[in-house]
Amino acid sequence: MDPIVTRFPPSPTGYLHVGGARTALFNWLYARHTGGRFVLRIEDTDTVRSTQASVDAIFEALRWLQIDWDDGPYFQSRRTDVYLDYARRLYETGHAYYCTCSPEAVEAMRQRAVASGANPRYDGTCRERGLGTEPGAVLRFRTPASGTTVLDDVVKGSIVFQNSELDDFVIVRSDGMPTYNFVVVVDDIAMGINTVIRGDDHVMNTPKQMQIYRALGARLPVFAHVPMVLGPDRTRLSKRHGAMSVTAYRDMGYLPDAFLNYLARLGWSCGDQEFFTRQELIEKFTLDNIGRSAGIFDLAKLQALNADHIQASTPEALVPHISPILVRNGLAPGDVPSLPRVIRTLQPRCKTLEEMVEQARFYFADEVAYDPEAVKKIFKPTAFDPLQRIVEALERIPVFSEAALEAAFSAVMAATGLKLGKIAQPVRLALTGRTASPGIFETIEALGRDKTLARLRRAAAWIQAHAVPDS
RNA sequence: GGUCCCAUCGUCUAGCGGUUAGGACGCCGGCCUCUCACGUCGGUAACACGGGUUCGAAUCCCGUUGGGACCA
């Protein structure tokens, strides 16, 4: 059996968006799953809207997602001669003909067709005129007037199109530029693409494309039309729904593997499994379990999955992902004794890395700001003594290991008769400025000896300074 | 307007003629606990509607409604 060859053909008219990323993912996964090839092709024939910035943005997004390609990138703008070559073949074999009808005349035909209740279409005026190329002529594809074109779609099943509904569409414009439906087929044939996985907004293009395959004597690829990704209001995902750019999710602190996991499960399933590593995705992805109905992009679910991936990761593996976000927030990764240790304390408490940075702030601060509400409740005069005892106990510990810290706290608990909560909360407030934080021992360990002792002493002094005189 | 696609909890989905319709996210409650989380246990909630086919339909067929896509 021939190896599977898939492709991803983005138009560089903007950043890579969520729907495009999922299409890329499915094609990539299928190629990797089958040990086939994945081709990247930039469809930049629209020279007005295509930009280099968009090309760069797409590369950047694919790099972040770690979706790599085996062939390409090809640029359609550099392949015009290939397309015209194929167009000539179509003309020479009688599958295409020149047409000199003016745009106005064609528009009139459409009006007439609509008026008679039919589809707007070209009426075939030049079809049998046997015209050769001449100035202002377009090249039209000669669509069969009768019969049906049947698309056997892997996900949608069999779809029947009446050929009479198909137009004699233009394949080369009067300015010599080939058209979309035509170049796609030429490229897919030339690049050996045998499996086309794309959004189901392309279903209506498919019968036209199938006709071109036939006219060119090429073998049809397997088609898999994947349902679209919609916004919460059930309309096509757009700017109105917030972030559409894939890299925006990177900047918000999502892990590429979590993002891919979410995208894969949106429209594809594997029994009840929700969490997939990249490797599992490759092992388990097939075209068989792609759903037929459109899916709504749900940020809450993405967040939950991201939290799972953050937890499943090692702190060290998170470092390269979180560092840029730290820096963006004015925090230097080196300003803490051990960044992985800090990350470890926060892993079970964050849905995104952005949240993690937010919660990590106190580790980096030179001096924590106390939450005023918490101060009222916790920094009471009675908190001074235990705090002081903790300082003394910690001063005697050379190495801040969790076990040693726990022993020190136990000793203070025994000496004062206080429960851990009564001691831990003042310590927590002293170290973090807040009432909520990671476990007190792991926090101290990650914060390090110097910062811990400095903050505890400052807190003790603060309480003394603000002590309410006995009345 | 024409053509095409789709339809299970709010959301993602399992189901492929016989199930108390399962899981996940979210939400609500219990437990755990040095706080917040994590974790764990439990709860909430769905087969769009109407006809058929069948001993039996979420599942097969037809229609209706609703949503979406493409062309204009």
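Just so it is clear: chains get the letters A, B, ... in the order the sequence lines come, proteins before strands, and each one is counted from 1.
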R428(A) and S437(A): side-chain donor and acceptor closer than 3.5 Å?
yes

rC70(B) P sits how many Å from D201(A) CG, rounded?
6 Å

With respect to the side chain of A424(A), which nucleotide from rC34(B), rA69(B), rG68(B) is positioned closest?
rC34(B)

Winner on side-chain proximity to D298(A), out of rC5(B), rU11(B), rU13(B), is rU11(B)

Could you check whether K284(A) and Q273(A), counting side-chain N and O atoms only, form a donor-acceptor pair closer than 3.5 Å?
yes

Could you please name the option among rU11(B), rA7(B), rC5(B) that lies closest to any side-chain atom of D200(A)?
rC5(B)

Given rG68(B), rU13(B), rA69(B), the nucleotide with the shortest approach to the side chain of S269(A)
rU13(B)

With rounding to the nearest 0.5 Å, note down the distance linking CZ in F364(A) to CG in D335(A).
7.0 Å

Which value, in whole Å, describes the distance between the P atoms of nucleotides rU59(B) and rA37(B)?
43 Å

Pick one: which of R458(A), R457(A), K451(A) meets salt bridge (Lys or Arg N to Asp or Glu O under 4.0 Å) with E367(A)?
R458(A)

What is the distance from NE2 of H202(A) to P of rU3(B), rounded to the nearest Å?
23 Å

Quick one: closest heavy-atom pair of T247(A) and S245(A), and the distance?
OG1-OG, 2.9 Å

Kindly give the atom pairs (protein nitrogen or oxygen, nucleotide nitrogen or oxygen) under 3.5 Å for nucleotides 18-24 of chain B.
unit_1, atom_1, unit_2, atom_2, d
rG22(B), N2, D272(A), OD1, 2.8
rG23(B), N2, E274(A), OE2, 2.6
rA24(B), O4', E274(A), OE2, 3.4
rA24(B), O2', K301(A), NZ, 3.4
rA24(B), N3, K301(A), NZ, 2.7

If you check every side-chain atom of M204(A), which of rC38(B), rU3(B), rC34(B) has the closest atom?
rU3(B)

Under 4.0 angstrom, heavy atoms only, what part of the nucleic acid is P232(A) near: base, sugar-phosphate, or nothing?
nothing

Atom C1', compared across rC61(B) and rA46(B): separation rounded to whole Å:
24 Å

For the side chain of R349(A) and the base of rC38(B), is some donor closer than 3.5 Å to an acceptor across the two?
no

P-based separation of rG30(B) from rA21(B) [nearest Å]:
30 Å

R292(A) side chain: which of rC4(B), rU13(B), rC6(B) is closest?
rC6(B)

Looking at the side chain of A436(A), which of rC34(B), rU35(B), rC5(B) is the nearest nucleotide?
rU35(B)

Just by distance, no angles: are the side chains of Q425(A) and T435(A) close enough, under 3.5 Å, to form a donor-acceptor pair?
no

Consider only side-chain N and O atoms of R127(A) and T143(A), and report whether a donor and an acceptor are under 3.5 Å apart.
no

Mind checking I159(A) for me? I need base, sugar-phosphate or nothing, with any heavy atom below 4.0 Å counting as a touch.
sugar-phosphate

Throw together a table of side-chain donor-acceptor distances under 3.5 angstrom for residues 309-319 of chain A, partners on residues two or more places apart or in other chains.
unit_1, atom_1, unit_2, atom_2, d
H309(A), NE2, N261(A), OD1, 2.8
T314(A), OG1, A317(A), N, 3.1

Residue pair L302(A)/C350(A) against RNA chain B: nearer the 5' end by closest nucleotide is L302(A)

Would a distance-only check, ignoring hydrogens and angles, find a side-chain to backbone donor-acceptor pair under 3.5 Å from N306(A) to F259(A)?
no

In B/S/- notation (B base, S sugar-phosphate only, - none; protein heavy atoms under 4.0 Å), nucleotides 43-50 of chain B written 5' to 3' is --------

What does Q311(A) touch in the nucleic acid at a heavy-atom separation under 4.0 angstrom: a base, only the sugar-phosphate, or nothing?
sugar-phosphate

Counting the atoms with a prime plus P, OP1 and OP2 as sugar-phosphate, which does G421(A) contact under 4.0 Å by heavy atoms, base, sugar-phosphate, or nothing?
sugar-phosphate

Between rA69(B), rG2(B), rU11(B), which one does the side chain of R234(A) approach most closely?
rU11(B)

Once you apply a heavy-atom cut-off of 4.0 Å, does G291(A) come out as touching a base, just sugar-phosphate, or nothing?
nothing

Describe the nucleic acid contact of K351(A) in one word from base, sugar-phosphate, nothing, applying a heavy-atom distance below 4.0 Å.
sugar-phosphate

Between rC5(B) and rG51(B), how far apart are the two C1' atoms, rounded to whole Å?
23 Å

Any side-chain N or O of S437(A) less than 4.0 Å from the OP1 or OP2 oxygen of rC36(B)?
no

Working note: F379(A) + Y370(A), criterion ring-ring contact (aromatic ring centres under 6.0 Å, His included); need CA distance, chi angles, decisive distance, verdict.
CA-CA 10 Å; F379(A) 275 179; Y370(A) 302 132; 5.1 Å; yes

Would you mind telling me which of rU11(B), rC34(B), rC4(B) lies closest to the side-chain atoms of I440(A)?
rC34(B)

Taking for each residue the nucleotide of RNA chain B bearing the nearest heavy atom, is the 5' side occupied by T235(A) or by S293(A)?
S293(A)

Looking across every strand, which nucleic acid part, if any, lies under 4.0 Å from R434(A) by heavy atom: base, sugar-phosphate, or nothing?
nothing

I want to check a possible cation-pi pair here: R140(A) against Y122(A), using under 6.0 Å from ring centre and within 45° of the ring axis as the test.
yes

What distance, rounded to whole Å, do you find between the two C1' atoms, one in rU64(B) and one in rU19(B)?
29 Å

